[in-house]
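We name chains A, B, ... by the order of the sequence lines, and we start the count at 1 in each one. Source: prediction; values computed, not measured.
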Amino acid sequence: MGGRKVVIDYPSPNTAKQMHVGHLRPIVIGEAVARLIEFCGADLVRDNHIGDWGTNFGILILAIRRAGFQLDAKSPTALEDLERLYKEGSAATKADPVLMDAARAELAKLQSGDPANTALWKEIVEVSNAACQRIYDQFGLKTDVILGESFYRDKVDQVYAELAKHKLAEESEGALVVWHDEEPRFSRDAETKMPFIVRKKDGSSNYASTDLATLLYRAEHFKADEIVYVTDGRQQDHFHQLFLTGGKWFKASGRKLPRLRHVWFGTILGEDGKAIKTKSGEPVRLQELIDQAEKLAFEAVTSKNPDLPESERKAIGKAIGVAAMRYADLSSNRTMDYTFSWTKLLAFEGNTAPYLMYAVVRVRSIFRKSGLAVGQGEEGATDPETPAEIALARKLLAFTAALDQALEELRPHHLCTYLHELAAAYGTFYAADSVIVDDPAVKARRLMLCSRTCAVMETGLRLLGIEPVERM
RNA sequence: CACCCCGUAGCUCAAUUGGAUAGAGCAUCCGCCUUCUAAGCGGACGGUUACAGGUUCGAUUCCUGUCGGGGUGGCCA
């Protein structure tokens, strides 16, 4: 992957909504996948493709108008207000087809440049982005560019024109659609038709239009050799159609198609076994989850290490709290659905981030007590001898294999499994063989094992997005 | 009805892509802090891999069917 230009699309939330637990996965998985790709030497562009141009804006604008609401971007409750209005609008348009048409009309006005709707839209996006950024900061997520759907509003006409010119798209029930007859379910002969609708019957763009425009932009502007889309698994059909359409379009127009990968993940389910949705019920807010995680981690470090200064305990609480949530999500295969659970996401014992971070802490503590920097004191080291030393040395050698496995299909859980095994091997070694001993050769080789463990653990943890701590 | 995920220990999940006796964590039980941080270490308990066939020297993995859960299916993303 060295030197390849890769664009990764994440976490790409929809705007005007507060982040809830459902937003955890694209952030956490996207970040880990991005770091894995970057670690292999790829020239990576992190593109946050926010949903800021869809029908939801029509619904939201309509709801704001109907409620006579005055949006104040400075108000601390601005986002909550928008979310409440969106829910009202969503329910209203669902119940009444006339209102749904009105919402579509508001969207069409926005998309055709209506000044009032554009001004309102800008404010909404501003409020939303500021709120998202506060969450990203806590997850250490940094995007290179935010090119949402709206960025492509003047680039979709070229898509329509080219698809029509190459006879890839055709009119159907007033919309512009692309059929893929080679795939039975996307074919025009399918029992239930599932065309790739690139332009709606009212002339406005949708997900497909902007995604095609985005594909072209990434290929031409970023010169992408590869594009990685990190989204949930419910969008598999969409990406399948997007990739098929992109392939035919680029071939017909003599362009080189980047490698396209859909790195999808399973859904976080509610207690009822159904996907967590903003519409039904009240999902746990992501900020609430973070706060709770940090609080519990702070309490844990305070009880275990009360002598540390409060500022350091606070910092450790922040690091461990978010790390625990992150690891809980990353440690199982991303294609699996899982049911939301406070206790699972906030566990600090067993196969968890704190356990892995603890291994690093114990290594660093040994070096601190020895008055050495990590990596020093290895002169005169002999080969591993005890069973625990040998097992640890062997496990250290398996790092690259684990990395390869995680990279193969961009599945971070393979790295998690490995790091847990390494931490366990270190735990056994730590209990069985003292490092600070009189025999200089034994001490040197054990210090060497410690520093190697530290290096591999820290590298692996950072790839997962977890920042190791000195003490805990 | 069609297509896509999934079904593994009481619970949550792995299993190097078809390899040897299916492994971890949690929970439960029994040990271990007077030497480097016990968020730890050692041990016990726990399985007809949903079910039925098939391919193979060998199947949790591949194929067919059945059952069960979730998702998607013309103008959301």
Side-chain angles (χ1 to χ4, degrees), chain A residues 12-14 49 51 53-56 58-59 90 93 104 107 149 172-177 183-186 190-211 231-238 240 264 266-267 269 273-275 297 300-301 303-305 320 324 328 331-333 335-339 341 343-344 347-359 361-370 388 398 401-402 404-405 408-409 413-414 416-418 420-421 423-424 426-437 446 450 471-472:
Chain A
S12 309
N14 284 330
H49 191 68
W53 204 240
T55 303
N56 53 336
I59 293 170
S90 180
T93 50
R104 288 210 185 91
L107 178 66
E149 289 162 355
S172 172
E173 296 177 23
L176 189 66
V177 309
E183 286 286 329
R185 72 203 143 109
F186 304 140
E191 297 149 49
T192 43
K193 305 273 189 283
M194 207 192 323
F196 196 48
I197 298 167
V198 297
R199 189 181 60 207
K200 302 196 271 189
K201 66 180 170 195
D202 64 4
S204 58
S205 63
N206 66 0
Y207 194 24
S209 338
T210 51
D211 263 2
T231 82
D232 75 279
R234 285 174 292 187
Q235 298 179 40
Q236 284 180 93
D237 284 339
H238 167 78
H240 198 164
W264 61 273
T267 314
L269 308 171
K274 301 271 172 64
V301 71
S303 76
K304 289 167 200 297
N305 234 330
I320 290 180
S331 59
S332 65
N333 199 333
T335 52
M336 295 281 284
D337 291 346
Y338 71 84
T339 304
S341 152
T343 53
K344 184 187 168 183
F348 295 157
E349 284 166 19
N351 187 4
T352 63
Y355 177 78
L356 306 188
M357 297 168 85
Y358 188 59
V361 160
R362 298 213 284 193
V363 170
R364 303 205 81 101
S365 179
I366 288 172
F367 281 95
R368 217 167 36 238
K369 289 257 155 76
S370 314
D404 285 347
Q405 220 179 337
E408 181 92 21
E409 292 186 355
H413 79 281
H414 286 121
C416 294
T417 302
Y418 169 75
H420 178 247
E421 287 169 0
Y426 185 74
T428 303
F429 161 78
Y430 184 91
D433 301 323
S434 292
V435 176
I436 302 173
V437 293
R446 290 183 181 166
C450 285
R471 282 178 280 257
M472 61 189 272

The side chain of [X] is closest to which nucleotide in this list: [options]?
{"X": "A:Y355", "options": "B:C75, B:C36, B:C41", "answer": "B:C41"}
{"X": "A:T192", "options": "B:C36, B:A15, B:G73", "answer": "B:G73"}
{"X": "A:V301", "options": "B:A77, B:A2, B:A39", "answer": "B:A39"}
{"X": "A:H413", "options": "B:C6, B:A15, B:G40", "answer": "B:A15"}
{"X": "A:A175", "options": "B:C75, B:G70, B:C36", "answer": "B:C75"}
{"X": "A:T428", "options": "B:G42, B:A38, B:C1", "answer": "B:G42"}
{"X": "A:K304", "options": "B:C36, B:A39, B:U72", "answer": "B:A39"}
{"X": "A:P354", "options": "B:A14, B:A39, B:G74", "answer": "B:A39"}
{"X": "A:K200", "options": "B:C36, B:C76, B:A39", "answer": "B:C76"}
{"X": "A:N14", "options": "B:C75, B:C36, B:A77", "answer": "B:A77"}

Open item on the list: Is a donor from one side chain sitting under 3.5 angstrom from an acceptor on the other, for A:Y418 and A:Q405?
Closed with: no
Distance between the [atom1] atoms of [N] and [M], in whole angstroms?
{"N": "B:C13", "M": "B:C75", "atom1": "C1'", "value": "40 Å"}
{"N": "B:U8", "M": "B:G47", "atom1": "P", "value": "15 Å"}
{"N": "B:A20", "M": "B:U34", "atom1": "P", "value": "44 Å"}

Residue pair A:V361/A:A423 against RNA chain B: nearer the 5' end by closest nucleotide is A:V361
A:K344 NZ to B:C13 P, in whole Å, measures 4 Å
Mind checking whether A:F196 and A:H238 have parallel, tilted or perpendicular rings, split at 30° and 60°?
tilted
Mind checking who [N] pairs with, Watson-Crick or G-U wobble, both distances under 3.5 Å?
{"N": "B:G7", "value": "B:C67"}
{"N": "B:C41", "value": "B:G31"}
{"N": "B:A2", "value": "B:U72"}
{"N": "B:C57", "value": "B:G19"}

Specify the glycosidic conformation (syn or anti) of [N], with syn defined as within 90° of 0.
{"N": "B:C33", "result": "syn"}
{"N": "B:U35", "result": "anti"}
{"N": "B:G19", "result": "anti"}

>> Mind checking if A:E173 touches a base, just sugar-phosphate, or nothing, with heavy atoms under 4.0 Å?
In response: base
Smallest heavy-atom separation, A:G233 atom then A:W264 atom, equals CA-CE3, 3.4 Å
>> Atom NZ of residue position A:K201 - does it have more than 12 heavy atoms of other residues, nucleotides or ligands inside 6.0 Å?
In response: no
CE (A:M357) and CE (A:M472) are apart, to the nearest 0.5 Å, by 6.5 Å
*Thinking salt bridges, do A:K200 and A:D202 make one under a 4.0 Å N-O criterion?*
no
